[in-house]
Amino acid sequence: MRRRYPILEFDNTLKAVLEPKRVVGPIDAPVHCVVCFFQDVIEKLCRDGQAKMIACQKSEIGSHPVYEICLNGRRLGVFHPGIGAPLASALLEEVIALGFKKFIACGGAASLDRDVAYGDIIVPAAAVRDEGTSYRYLPPGREVYASREGIAAIEAVLKEHQLDYVVSKTWTTDGVYRQTRARIRKRRSEGCLVVEMEAAAFFAVAQFRNITFAQVLYAADDVSGSEWSARNLDRMDTLRQKLFWLAAEACIVL
């Protein structure tokens, strides 16, 4: 008999021993929320008086504030999900429990293809599930998908601003230091243009909780060559600001 691995032992029980609603309760939250990986952007929103804190979650690494901003007369949530699928999915669960229902995430990813330049915009329609968190929410499978409604909203905004972009796959992995040449070639052959650490988990949580979730990424560093290239990874420029506001525009039309 084929050995069964724990990560493949999917349990379809809907209610877990610890549910997010046991940790946080609903607030007067907007329906829409941007999941923003750019701490510099969030700090600028706060400095400029555009963001007010409406909730704050806690973990062993500190506080995780949730903010509210106003865009075109619409209320919009903003929070940083941390790094990596386990933390990001847990914070998303708690923000859903606060009352948010429609999400667009914005972040960066590493390029798997040398033709994907720094700053290129990628809209992941699917994520290859090379992490662990998504297997707690969905049966085992190779890929998980973003919300079609969310993808359509992002595309509409990008087209309105006459910006080039690619709808593609992303590779979600927990092992940031285990992106080997063979694995990169394999993921690229599957159609993945970028690699990051959260998308598959986000999409799985969204399906399980029946909420809308899509993501827009920019190509930052590069792992397509013989050695890693940081490119402009550490540069805090207008690109990140621009991507945030594009995500915000897409989110409020959901």
Side-chain angles (χ1 to χ4, degrees), residues 16 18-24 27 29-30 32-46 51-69 76-110 124 127 129-137 144 146 150 170-179 194-209 211-218 220-221 233-234 236 240-241 243-244 247-248 251:
L18 175 60
E19 286 288 317
K21 291 182 179 179
R22 293 292 302 273
V23 179
V24 297
I27 63 172
H32 303 87
C33 187
V34 175
V35 182
C36 178
F37 281 92
F38 310 140
Q39 185 62 34
D40 52 306
V41 172
I42 294 175
E43 289 174 357
K44 186 176 187 304
L45 288 172
C46 293
K52 66 174 182 179
M53 190 171 67
I54 58 173
C56 190
Q57 310 311 116
K58 302 285 187 180
S59 77
E60 289 295 342
I61 63 172
S63 300
H64 306 280
V66 180
Y67 299 96
E68 181 180 320
I69 65 172
L76 182 66
V78 179
F79 78 102
H80 194 302
I83 302 299
L87 177 58
S89 61
L91 292 178
L92 176 61
E93 282 269 38
E94 293 178 7
V95 172
I96 293 169
L98 290 175
F100 297 92
K101 294 180 174 61
K102 296 178 182 289
F103 298 85
I104 298 292
C106 59
R129 299 168 62 186
D130 194 14
E131 40 66 61
T133 306
S134 68
Y135 292 85
R136 303 283 69 81
Y137 289 89
V144 59
T170 182
W171 167 26
T172 305
T173 178
D174 290 332
V176 65
Y177 291 115
R178 290 299 299 155
Q179 298 168 35
V194 291
V195 56
E196 39 63 48
M197 300 179 68
E198 300 87 13
F202 281 152
F203 299 165
V205 171
Q207 288 188 28
F208 185 81
R209 296 297 180 191
I211 55 99
T212 302
F213 197 107
Q215 189 164 15
V216 57
L217 300 166
Y218 79 94
D221 54 323
L233 182 63
D234 295 327
M236 302 302 181
R240 293 154 70 93
Q241 294 281 343
L243 202 69
F244 168 78
C251 195

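- Remark: Ser89 OG to Phe208 CZ distance equals 12.0 Å, nearest 0.5 Å.
- At distances below 3.5 Å, at least one donor-acceptor pair connects side-chain atoms of Glu19 with backbone N or O atoms of Ala16.
- Note that CD1 of Ile27 is 4.0 Å distant from CD1 of Ile54, once rounded to the nearest 0.5 Å.
- Of the inter-residue distances, the one linking Lys52 atom NZ with Glu68 atom CD reads 5.0 Å to the nearest 0.5 angstrom.
- Thr173 approaches Val195 most closely through the heavy-atom pair CG2-CG2, 3.6 Å.
- Side-chain contact between Phe244 and Lys44: absent, with no pair of heavy atoms (C-beta onward) separated by less than 4.5 Å.
- In terms of heavy-atom proximity, Gly84 sits nearest to Glu198 at N-OE2, 2.8 Å.
- Side-chain contact between Glu196 and Thr172 is present, with heavy atoms from C-beta onward closer than 4.5 Å.
- Taking both residues in full, the closest heavy atoms of Pro30 and Phe100 are given as O-CD2, 3.1 Å, listed atom of the first, atom of the second, then distance.
- Contact of the Leu92 side chain with the Phe213 side chain is registered, since non-hydrogen atoms from C-beta on lie closer than 4.5 Å.
- Looking only at distances, no side-chain donor or acceptor of Gln207 sits under 3.5 Å from a matching main-chain atom of Ala204.
- Residue Gly82 comes nearest to Phe37 through the heavy atom pair O-CE2, 3.2 Å, listed as atom of the first residue, atom of the second, then distance.
- At a threshold of 4.5 Å between non-hydrogen side-chain atoms, the residues Leu87 and Ile61 count as touching.
- For the pair Val205/Ile96, a side-chain contact is recorded, criterion being any heavy-atom separation below 4.5 Å from C-beta on.
- A donor-acceptor contact shorter than 3.5 Å links the side chain of Arg129 to the backbone of Ser134.
- Looking at Phe103 and Val34, their side chains never come closer than 4.5 Å, going by heavy atoms from C-beta outward.
- The two residues Pro124 and Phe203 make their nearest non-hydrogen contact at O-CZ, 4.0 Å.
- Side chain of Asp174 to main chain of Gly132: a donor-acceptor pair is present (N/O by atom type, distance under 3.5 Å, no hydrogens or angles).
- Side-chain atoms of Phe79 and Leu91, non-hydrogen and from C-beta on, do get closer than 4.5 Å to each other.
- The distance from the CG atom of Leu76 to the NZ atom of Lys102 is 13.0 Å, given to the nearest 0.5 Å.
- You'll find the side chain of Pro20 reaches within 4.5 Å of the side chain of Arg209, heavy atoms only.
- A donor atom on one side chain and an acceptor atom on the other are not found under 3.5 Å apart for Gln57 and Ser63.
- Between Tyr218 and Phe38, the ring planes lie tilted relative to each other; the angle falls in the 30° to 60° range.
- When all heavy atoms of Gly150 and Thr212 are compared, the pair lying nearest together is N-CG2, 4.1 Å.
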